[in-house]
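Structure, as structure tokens:
Quick note on labels: first sequence line is chain A, next is B, and so on, each numbered from 1.
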2 protein chains.
Amino acid sequence: MEKFIDNLKEKLKEKGYKLTPQRRAVLEVIITNEGEHLSTEEIYDIVKKNCPDIGLATVYRTIQLLDKLDIISTLYLDDGCNRYEFNIQNGEHHHHHLICESCSKVIEVKIDLLEKLEEEIQVNYGFEILDHKVQFYGKCENCK
Amino acid sequence: MEKFIDNLKEKLKEKGYKLTPQRRAVLEVIITNEGEHLSTEEIYDIVKKNCPDIGLATVYRTIQLLDKLDIISTLYLDDGCNRYEFNIQNGEHHHHHLICESCSKVIEVKIDLLEKLEEEIQVNYGFEILDHKVQFYGKCENCK
DNA sequence: TATCATTTGAGAGACATTATTAATTGAAAA
DNA sequence: TTTTCAATTAATAATGTCTCTCAAATGATA
């Protein structure tokens with residue numbers, strides 16, 4: 001955990017931002033709940049246990065900042081709010097998500113396999129790909 | 001154009017819905033502005049030119065319906081609202097989108113090339129894939 | 001035309017998110 | 001350590017997107 005906080009502090013300093021207890025607390029919640037795909041409101045509720053005076057707007061601001069610094073990333077799952085996840089390996093492409101249309105479970109896919117498609121796109125469209133987000137919709141093992 | 005309206009009428013009737021002037025007008029706007037990725041508010045503004053008394057709620061309702069009938073589909077581009085596009089070939093997987101991080105332009109990619117990845121996912125995760133959405137982020141030809 | 005379920009428009013309401021502002025804080029300099 | 005000052009904060013108001021409610025209007029069928 002401490003190394004992630006150090007990384008946060010370093011990245012903040014690089015851009016002229018400060019490491020505050022609120023920012024630290026928000027990142028700790030996201031890391032502790034890795035794989036949960038928490039929304040801002042959910043993060044707020046958990047953070048308040050350790051940090052009772054934190055404001056909701058601060059959580060929103062912090063999440064925007066963490067996203068900008070590539071420490072977390074945003075998922076768009078169309079359930080009425082944005083959700084976030086911690087980026088373990090920075091600089092790499094994001095993994096894919098399987099979204100079950102029956103139970104709404106979100107499963108993470110570790111395999112990438114988009115190199116060929118990305119190469120074709122770069123050649124045919126003159127578009128330089130820096131990142132991607134991929135969602136597959138269907139039925140999970142339990143709901144099939 | 002008329003064949004799309006006929007298709008709409010047929011699909012509506014199948015499910016017990018009616019073809020109203022408002023629904024027709026909304027679909028016409030989406031088709032006429034194909035490739036524009038309009039938001040609901042934008043569709044509303046355009047529709048009002050031909051259909052001045054239409055209410056915003058009706059546009060929202062119609063768009064939900066068209067999405068449910070697979071006539072249009074929703075894009076999540078993270079600019080504060082949902083955007084929609086007409087599905088030319090129904091039943092097929094959605095095409096991919098290239099989103100330029102400099103100028104925010106959205107480019108459509110006609111090639112699919114996800115078969116291999118989808119097959120691996122179905123085998124390794126026991127997940128039945130019915131559809132996918134793919135966004136690539138980067139720099140377009142002009143912004144590179 | 002009469003019937004009736006569906007659809008509509010208008011406005012209120014719900015919700016996530018952002019802006020505002022005065023007070024507080026972190027960290028570099030004195 | 002204290003001072004300084006921009007960055008940050010909490011609280012709250014404001015915004016924007018989208019949904020709900022309900023009486024009135026409409027489309028399809030008989």
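Note on N82(A): every side-chain N or O is 4.0 Å or more away from OP1 and OP2 of dA16(C). Between Y60(A) and dT18(C), a side-chain N or O to OP1/OP2 separation shorter than 4.0 Å is absent. For dT19(D), one of the phosphate oxygens OP1 or OP2 lies less than 4.0 angstrom from a side-chain nitrogen or oxygen of Q64(B).
Nucleotide dC18(D) holds its C1' atom 14 Å from the CD1 atom of I43(B), rounded to whole Å. Going from atom CG of D78(B) over to atom C1' of dA16(C) covers 13 Å, rounded to whole Å. Regarding D79(B), its CG atom lies at a distance of 14 Å from the C1' atom of dT17(C), rounded to whole Å. Atom CZ in R24(B) sits roughly 13 Å away from atom P in dT8(C) (whole-Å rounding). Rounded to an integer number of Å, the gap from NZ of K48(B) to P of dA10(C) is 9 Å. Protein atom CG of L65(A) is 13 Å distant from nucleotide atom P of dA7(D), rounded to whole Å. Whole-Å rounding puts the Y17(A) OH to dT9(D) C1' distance at 16 Å. One can place CD1 of I63(B) at 16 Å from C1' of dT7(C), the figure rounded to the nearest angstrom.
Y76(A) and K133(B) share no donor-acceptor pair across their side chains, judged by distance under 3.5 Å alone.
The 12-atom threshold is not exceeded at CD of E119(B), counting heavy atoms of other residues, nucleotides or ligands nearer than 6.0 Å. For K110(B), the NZ atom counts as densely surrounded, since its 6.0 Å shell holds more than 12 non-hydrogen atoms of other residues, nucleotides or ligands.
The heavy-atom pair separating N87(A) from D70(A) by the smallest distance is ND2-O, 3.1 Å. Heavy-atom minimum distance, T74(A) versus Y84(A): OG1-CE2, 3.4 Å. Closest of all the heavy-atom pairs between C81(A) and S39(A) is SG-CB, 3.5 Å.
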(message) Let's go through E41(A) and K48(A) carefully: what are the C-alpha distance in whole Å and the side-chain angles of both, what is the deciding distance for salt bridge (Lys or Arg N to Asp or Glu O under 4.0 Å) to 0.1 Å, and is it a yes or a no?
(response) CA-CA 11 Å; E41(A) 203 83 29; K48(A) 274 214 290 201; over 6 Å; no

(request) Please step through salt bridge (Lys or Arg N to Asp or Glu O under 4.0 Å) for the pair E85(B) and R83(B), ending with a clear verdict. (result) CA-CA 7 Å; E85(B) 68 182 7; R83(B) 296 182 169 278; over 6 Å; no

Close N/O contacts between protein and nucleotides 10-15 of chain D (under 3.5 Å):
from: dA10(D); atom 1: OP1; to: Q22(A); atom 2: NE2; distance (Å): 3.4
from: dA10(D); atom 1: OP1; to: D53(A); atom 2: O; distance (Å): 3.1
from: dA10(D); atom 1: OP2; to: G55(A); atom 2: N; distance (Å): 3.1
from: dA10(D); atom 1: OP2; to: T58(A); atom 2: OG1; distance (Å): 2.3
from: dA10(D); atom 1: N7; to: R61(A); atom 2: NH2; distance (Å): 3.3
from: dA10(D); atom 1: N6; to: R61(A); atom 2: NH1; distance (Å): 3.4

Check the interface with nucleotides 26-28 of chain D: list each N/O to N/O pair with the protein under 3.5 Å, or write none.
none

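Checked against the 6.0 Å centroid criterion, the rings of H97(B) and H37(B) qualify as a close aromatic pair.
As judged by a 4.0 angstrom heavy-atom cut-off over every strand, T40(B) is placed among residues touching the sugar-phosphate backbone only.
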